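Lettering of chains follows the sequences in order, A, B, ..., and the numbering in each one begins at 1. Note that the coordinates shown come from a computational prediction; the quantities given were computed from them, not determined experimentally.
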Amino acid sequence: MTPSSSSPARTRFAPSPTGMLHIGGVRTALYDWLLARKTGGQFVLRIEDTDRGRYEAEAEQSIVDSLRWLGLDWDEGPDIGGPHAPYTQSQRLELYQDSVKKLLASGAAYEDDTTPEELEELRQRQKAAGTPPGYDNRGRHKTAEQIEESRAKGLPIVVRMKVPDSGTLKFDDVVRGQVEFDFSLLQDFIIMKSDGYPTYHLAHVVDDHEMGITHVIRGEEWIPSTPRHILIHQALGWDYPTYVHVPLILGSDRSKLSKRHGAASALEYRDQGYLPEAVFNFLALLGWSPGDDTEVMSRDEIVQRFSVERILQHPAIFDSEKLLWLNGVHIRGLALDDLQERVLPVLERAEADGGLPDSVARPLNRDYVRKLLPLVHERLKTLNEVTESLSFFFVDDVNPDPEAIPGRKSDPATATGYLQKSLELLKTVEPFEPEHLEAEFRALAEKLDVKPGPLFTPIRVAVTGSTMAPPLFDTVSAIGRDRVMERIEKALQLLATQGSATNA
RNA sequence: GCCCCGUUAGUGUAGUGGCCUAACACGUCUCCCUUUCAAGGAGAAGAUCACCGGUUCGAAUCCGGUACGGGGUACCA
């Protein structure tokens with residue numbers, strides 16, 4: 001067992017609230033959480049809101065909601081505080097300023113008054129000359145007097161980190177192994193913007209150190225800037241954490257997953273009727289596996305078996321079909337009580353939001369729902385499907401397509417005859433229980449000398465309005481004699497009017 | 001352009017030098033069960049392990065190159 005998975009790890013998820021929390025980000029948070037729980041450490045939530053231009057207040061809420069929904073609880077965070085509060089970077093500005101002062105004092109960093117316009121001009125020239133773009137470190141040669149002059153004139157001043165002109169930097173990544181970079185390719189980079197806010201590079205380094213973070217788990221897009229982060233750690237005299245760069249999640253076209261690929265936020269999956277444990281399970285498997293063929297796992301099992309060493313190096317494509325399957329598996333594994341609890345809110349939503357028709361009175365009869373659930377339990381792939389599969393049990397009227405009533409292998413005239421016979425039987429059959437009903441109807445089929453199909457299909461369509469439904473006699477029994485007979489009579493009328501229409 | 005990372009069936013993964021005539025799962029197809037739809041069961045198709053070369057008695061596994069894909073190259077994170 002390696003140290004990284006045996007000693008308590010302090011991990012952090014540090015999203016920037018600039019939009020909907022992406023499913024890729026959620027997976028990173030999942031790995032953070034998993035490592036912390038696995039090792040008996042702590043999971044910290046920190047909001048990195050240093051980009052004032054892109055800040056969105058709602059984004060922060062969606063981050064919190066997403067993590068909560070998936071059960072990724074944090075031990076320290078902006079809402080609950082902790083020993084290193086505050087956990088929002090815009091409230092920790094003095095801390096970054098202190099570090100900047102130290103870096104300035106030691107000569108590791110310097111102030112630079114190069115304006116954005118000058119930078120743009122430089123870029124244009126490099127582009128025209130065909131040379132690699134990048135800052136030319138001109139600020140290194142500015143004198144203190146020059147900077148003061150610019151400051152007095154109100155010009156923007158930034159602080160840049162000085163990068164060595166030559167040499168290489170190697171670091172070990174848990175996922176990639178040893179990664180090596182050449183300093184000569186890196187330019188002096190900004191650690192403090194002219195608005196006084198730190199850049200990500202500085203802020204997260206200071207916070208990770210100050211908060212005692214042991215493992216930085218983040219997307220692989222951060223690999224190229226890791227040398228900067230190590231440089232800052234070293235200049236401040238700090239050890240740097242263990243880096244775990246996880247592969248990206250791609251859409252079906254192999255580009256970075258985005259809104260174009262359909263539901264991209266965790267909350268959309270919630271709204272579509274996915275179980276948090278299924279999404280949890282699925283996301284864990286996107287870039288990690290326990291090492292054998294086990295796929296369906298509970299949260300606890302995943303915590304049990306998780307290790308950062310087994311995180312894959314290559315990106316994965318998000319396969320929504322497999323998620324759908326896995327969701328069905330998890331739904332089938334739910335106890336009836338649990339299922340009922342999750343499904344009731346769906347059914348009782350407004351019709352426009354995917355609930356039962358508004359004509360159905362709320363609250364629903366719990367006992368009735370409870371009785372129906374077993375009929376559809378194993379058929380559900382999402383929670384939301386419950387509305388459609390149970391709707392005909394609740395509405396007054398169902399509207400079958402007349403052409404669908406006879407079924408594929410029969411015709412309206414035959415179906416009419418069968419429905420009439422069925423009506424007679426239904427009038428008197430007793431008890432009105434599934435088993436007895438089935439026995440009686442099978443006997444009727446024999447008497448009529450037909451297979452069950454042509455007899456049962458018209459009943460099913462008449463009663464449920466659909467060719468696809470739960471087992472017929474459970475359904476008939478649950479709906480009750482009177483309503484079943486009403487619906488069959490209505491179907492007979494439909495067949496009659498349709499017949500006369502085609503004859504005319 | 002330059003730098004970094006990656007590459008096993010359509011997809012997710014297993015595989016860490018001989019057990020690989022490459023396994024499992026999703027998806028697809030066929031059949032069984034069956035009143036429909038699911039679920040379940042049995043099977044099938046689908047991969048020259050990106051390509052080329054090297055190391056080795058032996059390579060999906062190690063090394064090099066090429067191709068392709070992705071990422072980075074901001075006073076975004």
### Task
Indicate yes or no: does A/E121 engage A/R138 in a salt bridge with an N to O separation below 4.0 Å.
no
Of the candidate nucleotides [options], which contains the atom at the shortest distance from the side chain of [X]?
| X | options | result |
| --- | --- | --- |
| A/L185 | B/rC75, B/rG70, B/rC2 | B/rC2 |
| A/V158 | B/rC26, B/rA38, B/rC75 | B/rC75 |
| A/E378 | B/rC4, B/rA39, B/rA77 | B/rA39 |
| A/I223 | B/rC5, B/rA25, B/rU36 | B/rC5 |
| A/D319 | B/rU11, B/rC76, B/rG1 | B/rU11 |
| A/P315 | B/rU13, B/rA38, B/rG6 | B/rG6 |
| A/E220 | B/rA77, B/rG12, B/rC5 | B/rC5 |
| A/S289 | B/rU13, B/rC76, B/rA39 | B/rU13 |
| A/R379 | B/rU13, B/rC3, B/rA38 | B/rA38 |

How many whole angstroms separate atom [atom1] of [X] from atom [atom2] of [N]?
| X | N | atom1 | atom2 | result |
| --- | --- | --- | --- | --- |
| A/K322 | B/rC24 | NZ | C1' | 8 Å |
| A/I317 | B/rA9 | CD1 | C1' | 13 Å |
| A/Y110 | B/rC75 | OH | P | 12 Å |
| A/Q178 | B/rC4 | CD | P | 13 Å |

Between [N] and [M], how far is it from one [atom1] atom to the other, in whole Å?
| N | M | atom1 | value |
| --- | --- | --- | --- |
| B/rU56 | B/rC62 | C1' | 10 Å |
| B/rA45 | B/rG10 | C1' | 13 Å |
| B/rG12 | B/rC32 | C1' | 29 Å |
| B/rU55 | B/rA60 | P | 16 Å |

### Message
Nearest 0.5 angstrom please: A/E56 CD to A/T18 OG1, how far?
### Response
6.5 Å
### Query
How far does CZ of A/R160 sit from OH of A/Y135, to the nearest 0.5 angstrom?
4.5 Å
### Query
Taking everything shown except A/Q124 itself, do over 12 heavy atoms lie less than 6.0 Å from its CD?
yes
Identify whether any heavy atom of [X] sits under 4.0 Å from a base atom; if not, whether one sits that close to sugar-phosphate; answer base, sugar-phosphate or nothing.
| X | value |
| --- | --- |
| A/G407 | nothing |
| A/G328 | nothing |
| A/F181 | sugar-phosphate |
| A/L286 | sugar-phosphate |

Check the phosphate of [N] against [X], side-chain N and O only, distance under 4.0 Å to OP1 or OP2. Yes or no?
| X | N | value |
| --- | --- | --- |
| A/T467 | B/rU36 | no |
| A/T50 | B/rA77 | yes |
| A/R310 | B/rA14 | yes |
| A/Q313 | B/rC5 | no |
| A/K193 | B/rC76 | yes |
| A/H245 | B/rG6 | no |
| A/K381 | B/rG27 | no |
| A/R332 | B/rG40 | yes |

### Query
Has the side chain of A/E295 got a donor or acceptor atom sitting under 3.5 Å from an opposite partner on the base of B/rG12?
yes
### Query
Do A/R176 and B/rC5 share a donor-acceptor pair, side chain to base, under 3.5 Å?
no
### Query
Does A/M468 or A/L119 map to a spot on RNA chain B nearer the 5' end, using the closest nucleotide for each?
A/M468
### Query
Which comes earlier along RNA chain B counting from the 5' end, the contact point of A/V329 or that of A/P452, where each point is its nearest nucleotide?
A/P452
#### Entry: Nearest heavy atoms of A/I302 and A/M297, plus distance in Å
CG1-CB, 3.6 Å
### Message
Could you tell me if A/D113 and A/Q146 have a donor-acceptor pair between their side chains, going purely by distance under 3.5 Å?
### Response
no
### Task
Run the ring-centre check on A/F456 versus A/F473 and record whether the distance is less than 6.0 Å.
yes
